[in-house]
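Everything on this sheet refers to the single structure shown next.
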Protein chains: 2
Amino acid sequence: MDGIKILAKERLELHGIKPSMQRMAVMEYLITHRTHPTAEMIFTDLYPEMPTLSKATVYNTLNLLVERGVVRLITIEEKNARYDACMDPHIHFRCRNCGAILDIDVEKHWIPDMPAGMSVDMSETYCIGRCTKCNN
Amino acid sequence: MDGIKILAKERLELHGIKPSMQRMAVMEYLITHRTHPTAEMIFTDLYPEMPTLSKATVYNTLNLLVERGVVRLITIEEKNARYDACMDPHIHFRCRNCGAILDIDVEKHWIPDMPAGMSVDMSETYCIGRCTKCNN
DNA sequence: GTCCATAATTAGAATTATTCTATTTTTGTT
DNA sequence: AACAAAAATAGAATAATTCTAATTATGGAC
């Protein structure tokens with residue numbers, strides 16, 4: 001169970017981020033919760049065990065993680081930004097009915113041919129539809 | 001120049017939306033401005049010629065248009081929702097440097113194989129990188 | 001170990017996009 | 001003209017995120 005703490009620390013250091021308690025807690029949370037949480041959810045869940053934690057720190061940390069390419073920012077929902085520490089190629093599906101956000105594994109992210117001179121760092125594909133539960 | 005008014009009206013009626021002045025103005029704006037505008041931009045641009053226009057109406061109209069599938073909602077940017085009346089298959093590219101949002105034409109939208117029971121109504125692909133200008 | 005500079009965290013205020021509410025206006029029908 | 005239903009409106013309310021100014025933690029030099 002402590003392997004996750006080490007993993008979180010390594011991931012931060014690998015990207016030149018100083019592993020403070022708060023940053024490790026956020027990183028660890030994202031590694032263990034593959035639920036595409038919002039900043040609010042992360043804060044609410046961590047707060048009881050870290051009563052000095054501030055929402056600003058959660059936002060600061062998430063912004064830093066996204067900037068450095070440690071986690072993915074998911075904008076499949078208009079309202080809230082969501083975060084995902086899983087960097088394996090996969091896309092996101094949102095059920096129009098129940099709101100669930102699910103991972104769909106893919107071999108490789110799709111990047112269409114780009115006009116000359118344009119370079120692409122990353123791509124995200126979002127699908128909207130009905131999930132298996134809501135289709136029955 | 002009036003053909004656009006007719007086109008806007010047709011598009012609304014085709015989707016069962018009553019073509020009020022305000023709705024036509026928004027629809028017309030989206031057809032003529034392929035800039036992926038925000039609700040704010042649409043309001044600001046229309047307001048001088050329609051001084052009774054309210055921001056709520058712009059939002060109401062955009063939400064209705066998206067619900068009915070008349071326009072696409074683009075969430076490539078965290079902050080603002082953007083809207084696009086072009087329904088031909090294309091994806092969006094955002095330049096990390098200058099913020100421009102550009103269209104990239106594609107043959108067909110990519111929808112990967114889905115687990116059984118899941119149905120997909122639509123998909124959006126967003127690429128982030130550097131545009132031609134910013135690469136030089 | 002203490003001193004210092006720098007970086008990180010914090011609480012709460014500020015900002016801003018969007019939605020909601022209650023009212024007024026418009027539209028279409030008898 | 002009278003009425004009901006739908007649409008538009010202004011402004012208040014909400015909520016996600018950022019900003020600000022102050023506090024706390026960290027790591028190196030001595």
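Per chain, numbering begins at 1; letters A, B, ... match sequence-line order. All values below were derived from every heavy atom in this structure, side-chain atoms included, with hydrogens, water molecules and symmetry-related copies excluded. On a predicted model such as this, the values are computed, not experimentally measured, just so you know.
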Under 3.5 Å, which N/O atoms of the protein pair with N/O atoms of nucleotides 15-19 of chain C?
from   : atom 1 : to    : atom 2 : distance (Å)
C:dT18 : OP1    : B:A81 : N      : 3.0
C:dT18 : OP2    : B:Y59 : OH     : 2.7
C:dT19 : OP2    : B:N63 : ND2    : 3.2

What is the distance, to the nearest angstrom, from the CG atom on A:L62 to the C1' atom on C:dA8? 15 Å

Qualifying residues under side-chain hydrogen bond (donor to acceptor under 3.5 Å, both in side chains), relative to A:Q22, sequence neighbours excluded: none

Between A:S54 and C:dT9, is there a side-chain N or O to OP1/OP2 distance below 4.0 Å? no

Can you list everything that forms a side chain to side chain contact (heavy atoms under 4.5 Å, CB included) with B:D103? Sequence neighbours excluded, please. B:R34, B:H36, B:D84, B:H90, B:H92

Test of understanding: with side chain to side chain contact (heavy atoms under 4.5 Å, CB included), list the residues that count as partners of B:P19, not counting sequence neighbours. B:K9, B:L12, B:E13, B:M24

Separation between OG1 (A:T57) and CG (A:L64), nearest 0.5 Å, reads 11.5 Å

Under the side-chain hydrogen bond (donor to acceptor under 3.5 Å, both in side chains) rule, collect the residues that match up with A:D105, sequence neighbours excluded. none

Where chain B begins and ends its contact with DNA chain D, read 5' to 3' at 4.0 Å from heavy atoms: D:dA6 to D:dT18

Need one value for B:T57: base, sugar-phosphate or nothing, where a base atom within 4.0 Å counts as base even if backbone is also close, heavy atoms only. base

Please list, chain by chain and in numerical order, all residues satisfying side chain to side chain contact (heavy atoms under 4.5 Å, CB included) with B:K55, sequence neighbours excluded. B:E40, B:F43, B:Y59

Which residues share a side chain to side chain contact (heavy atoms under 4.5 Å, CB included) with B:T52, sequence neighbours left out: none

Non-neighbouring partners of A:N97 that pass side-chain hydrogen bond (donor to acceptor under 3.5 Å, both in side chains), sequence neighbours left out: none

Can you list the residues that meet the side-chain hydrogen bond (donor to acceptor under 3.5 Å, both in side chains) rule with A:S119, with sequence neighbours excluded? B:N135

Considering residues at least two apart in sequence or located in another chain, which fulfil the ring pair (Phe, Tyr, Trp, His ring centres under 6.0 Å) criterion with A:H15? none

Where do N or O atoms of nucleotides 22-30 of chain C meet protein N or O atoms at under 3.5 Å, pair by pair?
none

